[in-house]
Trainee: 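Dumping the structure here so I can ask a few things about it.
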Amino acid sequence: MHVAEGILTARGGMTSHAAVVARGMGKCCVAGCSAALIDEERKTLTFGQTVLKEGDWITLNGSTGEVIVGQVPMVEAQVSGDLGTLLSWADEIRALGIRTNADTPHDAQTAVDFGAEGIGLCRTEHMFFEGDRISAVRHMIFAKDQAGREAALAKLLPYQKGDFKGIFKAMEGKPVTVRLLDPPLHEFVPQDAEIIRKLAADMGLAVEELKARIESLEEINPMLGHRGVRLGVTYPEIYAMQARAIFEAAAELTKEGVKVFPEVMIPLVGTVQELKMMKEICVEVAEEVMKEFGVEFQYLVGTMVEIPRACVVADEIASEAEFFSFGTNDLTQMTFGFSRDDAGTFLPEYVEKGILEKDPFQSLDQVGVGSLVQMGVEKGRSTRQNLKIGVCGEHGGDPASIDFFHRVGLDYVSCSPFRVPIARLAAAQANIRNPR
């Protein structure tokens, strides 16, 4: 996806992972185009009677979902003229803060240019695929003991620190919420026979032994499996390395006179005990780093609220969490029991037949999922009155959802860089309708 100019998929939908990641990168994506027949062997893409071959041009319109044969002239998106004036008025009126979901300095700068006031979601796992990093990640996954994992993680530390320094610099003076590793480990393991053979040789393992380990990581339902905070509980050294990379980047920039406000977010928390355990690791590392570098900086440790249970016990979780960020993609998925990567095959029919008013992955289900969000806000603040609360799911860029988040008292919404202007306008309209 990093090297692609645009993304076209035959499966999925507007909130499938392909669409979400592409949106965060600022790349055009048309997901779930079921009319597209892809033949990998012949390297053809067929629409009815139209057969396209490797090297043929197509143009994608991510707003309409159109796939156009041929090359269409493009212009760079920018906020200027009358639109710039309108959005400056909106900024004077809105009560909600507007942040962005960004994983690279380039995306962060794009969002700032569009008016973002911070980063509400920086996904660290996307950083693991760059260059030689994936090799170190795989060495960490297949290490036989903690010492082996820590040796591999030590190689990753400077890469992660460099990434964070770039992002913190781009967002100087603005808060940056960094989510620690979230996806299951099987997403990082090789499938190609030649890569498996080379990795086995590098690690001194038999090819069959490595294949067996790869198979052992497979899960029947990985989205409900060994991921998020559960990885931190099993392998605390992973989160300790990431925390050190964040805090060393903050310390080095503080020494350079750059203002940084890191917020460490623990994903997929369902119990206060999980968060307490991970927070202790983060605080210990932060204290060590500040002592080593002889500097002090402010930081927060909080959680991503994306499991229904977390909303129900939000008062307990807020005893440890210094902020909440609602991950409404997964919260919607788990509340409905819909897979966001597969629901595109039947959800349009649900909307067409009136079972659902809108696709709940595009616009928040305010009655069901929204009630959980409201419960989380009220319970969380009953324990910690000044609890900072935002949303970093894709609903953070949807006007109807933004209106709801304003009404239930969130502090900010976070969305993809190119949705920031829409969020600024929608937040102002929400405050006009229901002034705070």
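None of these values were measured; they are calculated from a predicted model.
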Trainee: So, does Thr335 use its side chain to make a donor-acceptor pair with the main chain of Thr332 at under 3.5 Å?
Mentor: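 It does not hold such a pair.
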Trainee: Are the side chain of Tyr239 and the backbone N or O of Lys279 linked by a donor-acceptor pair below 3.5 Å?
Mentor: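 No, Tyr239 side chain to Lys279 backbone: no donor-acceptor pair under 3.5 Å.
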Trainee: Any salt bridge (Lys or Arg N to Asp or Glu O under 4.0 Å) pairs touching residues 2-13, not counting sequence neighbours?
Mentor: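 Salt bridge (Lys or Arg N to Asp or Glu O under 4.0 Å) check on residues 2-13 returns Arg11-Asp342.
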Trainee: Listed by chain and number, what are the ring-ring contact (aromatic ring centres under 6.0 Å, His included) partners of Phe338, not counting sequence neighbours?
Mentor: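 With neighbours one apart ignored, the set is Phe336, Phe346.
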Trainee: Applying salt bridge (Lys or Arg N to Asp or Glu O under 4.0 Å), which residue pairs with at least one partner in residues 142-152 are found, sequence neighbours left out?
Mentor: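 Listed by first then second residue: Arg149-Glu237.
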Trainee: Does NE2 in His106 sit with more than 12 non-hydrogen atoms of other residues, nucleotides or ligands closer than 6.0 Å?
Mentor: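 Result for NE2/His106: open.
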Trainee: Please list all pairs passing the side-chain hydrogen bond (donor to acceptor under 3.5 Å, both in side chains) test where one or both residues lie in residues 224-235, with sequence neighbours left out.
Mentor: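 side-chain hydrogen bond (donor to acceptor under 3.5 Å, both in side chains) check on residues 224-235 returns Asp182-Arg227, His226-Thr234, Arg227-Asp330.
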Trainee: Which distance, rounded to the nearest 0.5 Å, do you find between the CG of Leu347 and the CG of Asp359?
Mentor: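 Rounded to the nearest 0.5 Å, the CG-CG separation comes out at 5.0 Å.
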Trainee: Just to verify, which of Ile317, Leu331, Val373 counts as forming a side-chain contact (heavy atoms from CB on, under 4.5 Å) with Cys311?
Mentor: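 Among the candidates, only Leu331 passes.
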Trainee: Check whether the side chains of Ser325 and Arg179 place a donor and an acceptor atom closer than 3.5 Å, and report yes or no.
Mentor: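 Their side chains do not contain a donor-acceptor pair, so the 3.5 Å distance test is not met.
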Trainee: For Phe47, enumerate each residue passing the ring-ring contact (aromatic ring centres under 6.0 Å, His included) test, keeping only those at least two apart in sequence or located in another chain.
Mentor: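 Scan of Phe47 (ring-ring contact (aromatic ring centres under 6.0 Å, His included), adjacent residues dropped) gives none.
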Trainee: Short question: side chain of Glu125, backbone of Leu181 - any donor-acceptor pair under 3.5 Å?
Mentor: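 Pair absent, no side-chain N/O of Glu125 close to backbone of Leu181.
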Trainee: Closest approach of Thr177 and Gly120, non-hydrogen atoms and distance?
Mentor: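 Between these two residues, the closest heavy atoms are CB-O, 3.5 Å.
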Trainee: When you compare the side chain of Arg99 with that of Pro175, does any pair of heavy atoms fall below 4.5 Å?
Mentor: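 Yes, close enough: below the 4.5 Å cut-off.
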Trainee: Using atom types as modelled, flag every donor-acceptor pair under 3.5 Å from a side chain in residues 280-301 to any protein atom, sequence neighbours excluded.
Mentor:
| from | atom 1 | to | atom 2 | distance (Å) |
| --- | --- | --- | --- | --- |
| Glu280 | OE2 | Lys276 | NZ | 2.9 |
| Glu288 | OE1 | Arg244 | NH2 | 2.8 |
| Glu292 | OE1 | Arg244 | NH1 | 3.3 |

Trainee: Test your reading of the model: is there a side-chain donor-acceptor pair from His139 to the backbone of Ser135, 3.5 Å cut-off?
Mentor: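 Side chain of His139 to backbone of Ser135: a pair is present.
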Trainee: To the nearest 0.5 Å, what is the distance between CZ (Phe405) and OH (Tyr412)?
Mentor: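 Phe405 CZ to Tyr412 OH: 11.5 Å, rounded to 0.5 Å.
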Trainee: Any pair with a residue in residues 370-383 that passes side-chain hydrogen bond (donor to acceptor under 3.5 Å, both in side chains), sequence neighbours left out, goes on the list, sorted by first then second residue, please.
Mentor: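 For residues 370-383, and leaving out neighbouring residues, the side-chain hydrogen bond (donor to acceptor under 3.5 Å, both in side chains) pairs sorted by first residue read Gln374-Glu378, Arg381-Asp411.
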Trainee: Can we say Lys165 and Glu256 salt-bridge, meaning some charged N sits less than 4.0 Å from an Asp/Glu carboxylate O?
Mentor: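 Salt bridge present between Lys165 and Glu256.
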Trainee: Walk me through it: do Val260 and Met171 pass the test side-chain contact (heavy atoms from CB on, under 4.5 Å)?
Mentor: CA-CA 8 Å; Val260 291; Met171 304 302 289; over 6 Å; no
Trainee: Could you check whether any side-chain N or O of Asp56 sits under 3.5 Å from a backbone N or O of Lys53, counting only pairs where one atom can act as donor and the other as acceptor?
Mentor: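 Judged by distance alone, yes, a pair lies under 3.5 Å.
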Trainee: By side chain to side chain donor-acceptor pair (under 3.5 Å), which residues pair with Thr104, not counting sequence neighbours?
Mentor: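 Side chain to side chain donor-acceptor pair (under 3.5 Å) check on Thr104 returns Asp107.
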Trainee: With Phe418, which residues qualify under ring-ring contact (aromatic ring centres under 6.0 Å, His included), at least two apart?
Mentor: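 Testing Phe418 for ring-ring contact (aromatic ring centres under 6.0 Å, His included), a comparison that skips the adjacent residues, returns Phe114.
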Trainee: Which pairs pass salt bridge (Lys or Arg N to Asp or Glu O under 4.0 Å) with one or both residues in residues 361-372, sequence neighbours excluded?
Mentor: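 Those involving residues 361-372 do not exist here.
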Trainee: Going by atom types only, do Asp113 and Gln109 share a side-chain donor-acceptor pair under 3.5 Å?
Mentor: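 Yes, side-chain donor-acceptor contact under 3.5 Å.
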Trainee: Closest heavy-atom contact between Cys29 and Ala19?
Mentor: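 Minimum heavy-atom contact is SG-CA, 3.9 Å.
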Trainee: Please answer whether the main-chain N or O of Leu268 pairs with a side-chain N or O of Glu306 as donor and acceptor at a distance below 3.5 Å.
Mentor: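 Checking the backbone N and O of Leu268 against the side chain of Glu306, a donor-acceptor pair under 3.5 Å is found.
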Trainee: Nearest 0.5 angstrom please: Asp202 CG to Ile195 CD1, how far?
Mentor: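 Result: 11.5 Å between the selected atoms.
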Trainee: Does any pair with a residue in residues 184-195 pass salt bridge (Lys or Arg N to Asp or Glu O under 4.0 Å), and if so which ones, sequence neighbours excluded?
Mentor: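 Qualifying pairs, neighbours excluded: Glu194-Arg197.
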Trainee: Assess whether side-chain contact (heavy atoms from CB on, under 4.5 Å) is satisfied between Val420 and Cys415, documenting all intermediate values.
Mentor: CA-CA 6 Å; Val420 166; Cys415 57; 4.1 Å; yes
Trainee: How far does CG of Leu180 sit from CE of Met304, to the nearest 0.5 angstrom?
Mentor: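 Rounded to the nearest 0.5 Å, the CG-CE separation comes to 12.0 Å.
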Trainee: So, Ser414 versus Asn101: side-chain donor-acceptor pair below 3.5 Å or not?
Mentor: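 The answer is yes; a qualifying pair exists.
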Trainee: State, with a plain yes or no, whether a side-chain heavy atom of Met278 is found less than 4.5 Å away from one of Val233.
Mentor: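 The answer is yes; the side chains approach within 4.5 Å.
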Trainee: Quick check: do Val137 and Leu156 have side-chain heavy atoms less than 4.5 Å from each other?
Mentor: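 The answer is yes, as the side chains (C-beta and beyond) meet within the 4.5 Å cut-off.
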Trainee: Yes or no on salt bridge (Lys or Arg N to Asp or Glu O under 4.0 Å) for Arg340 and Glu394, after CA distance, side-chain angles and deciding distance?
Mentor: CA-CA 12 Å; Arg340 67 195 239 221; Glu394 283 302 302; over 6 Å; no
Trainee: Run the side-chain contact (heavy atoms from CB on, under 4.5 Å) check on Ile119 and Lys174 step by step: do they pass?
Mentor: CA-CA 8 Å; Ile119 290 179; Lys174 299 178 176 66; over 6 Å; no
Trainee: After noting the C-alpha distance and the side-chain angles of Thr271 and Glu316, does the key distance pass the side-chain contact (heavy atoms from CB on, under 4.5 Å) rule?
Mentor: CA-CA 8 Å; Thr271 71; Glu316 292 180 14; over 6 Å; no
Trainee: Report the residue from Gln242, Glu248, Arg133 that forms a side-chain hydrogen bond (donor to acceptor under 3.5 Å, both in side chains) with Gln160.
Mentor: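 With Gln160 as partner, side-chain hydrogen bond (donor to acceptor under 3.5 Å, both in side chains) holds for just one option, Gln242.
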Trainee: Report yes or no: does Asp39 contribute a side-chain atom to a donor-acceptor pair with the main-chain N or O of Thr44 at less than 3.5 Å?
Mentor: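 The answer is no, because no donor-acceptor pair under 3.5 Å joins these two groups.
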Trainee: Counting only N and O atoms by type, is there a donor-acceptor contact under 3.5 Å from the side chain of Thr64 to the main-chain atoms of Glu66?
Mentor: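 At least one qualifying donor-acceptor pair exists.
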Trainee: Would you say Phe164 and Leu253 make side-chain contact, with heavy atoms under 4.5 Å?
Mentor: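 Result no, sub-4.5 Å side-chain heavy-atom pair not found.
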Trainee: Looking at CG of Leu121 and CD of Glu263, how far apart are the two atoms once the value is rounded to the nearest 0.5 Å?
Mentor: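 If I round to the nearest 0.5 Å, the distance is 12.0 Å.
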Trainee: Check whether any side-chain heavy atom of Asn329 sits under 4.5 Å from a side-chain heavy atom of Gln333, and report yes or no.
Mentor: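 No, their side chains stay 4.5 Å or more apart.
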Trainee: Evaluate the side-chain proximity of Val178 to Pro262: yes if any heavy-atom separation is below 4.5 Å, no if none is.
Mentor: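 No - every pair of side-chain heavy atoms lies 4.5 Å or more apart.
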Trainee: Atom CD of residue position Glu357 - does it have more than 12 heavy atoms of other residues, nucleotides or ligands inside 6.0 Å?
Mentor: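 Counting other residues, nucleotides and ligands, CD of Glu357 stays at 12 neighbours or fewer.
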Trainee: Between Ser401 and Gln366, is any pair of side-chain heavy atoms under 4.5 Å apart?
Mentor: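 Of all side-chain heavy-atom pairs linking Gln366 with Ser401, none is under 4.5 Å.
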Trainee: So which heavy atom on Ala36 is nearest to which on Leu45, and how close?
Mentor: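 Shortest heavy-atom separation between Ala36 and Leu45 comes out as CB-CD1, 3.8 Å.
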Trainee: In chain order, what residues pass the ring-ring contact (aromatic ring centres under 6.0 Å, His included) check against Phe142, with sequence neighbours excluded?
Mentor: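 Here no residue qualifies.
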Trainee: CG/Leu410 to CZ/Phe324 distance, rounded to the nearest 0.5 angstrom?
Mentor: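 The CG atom of Leu410 sits 11.0 Å away from the CZ atom of Phe324.
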Trainee: Main chain of Ala321, side chain of Thr303: is a donor-acceptor contact present, judged purely on distance under 3.5 Å?
Mentor: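 The answer is no, because no donor-acceptor pair under 3.5 Å joins these two groups.
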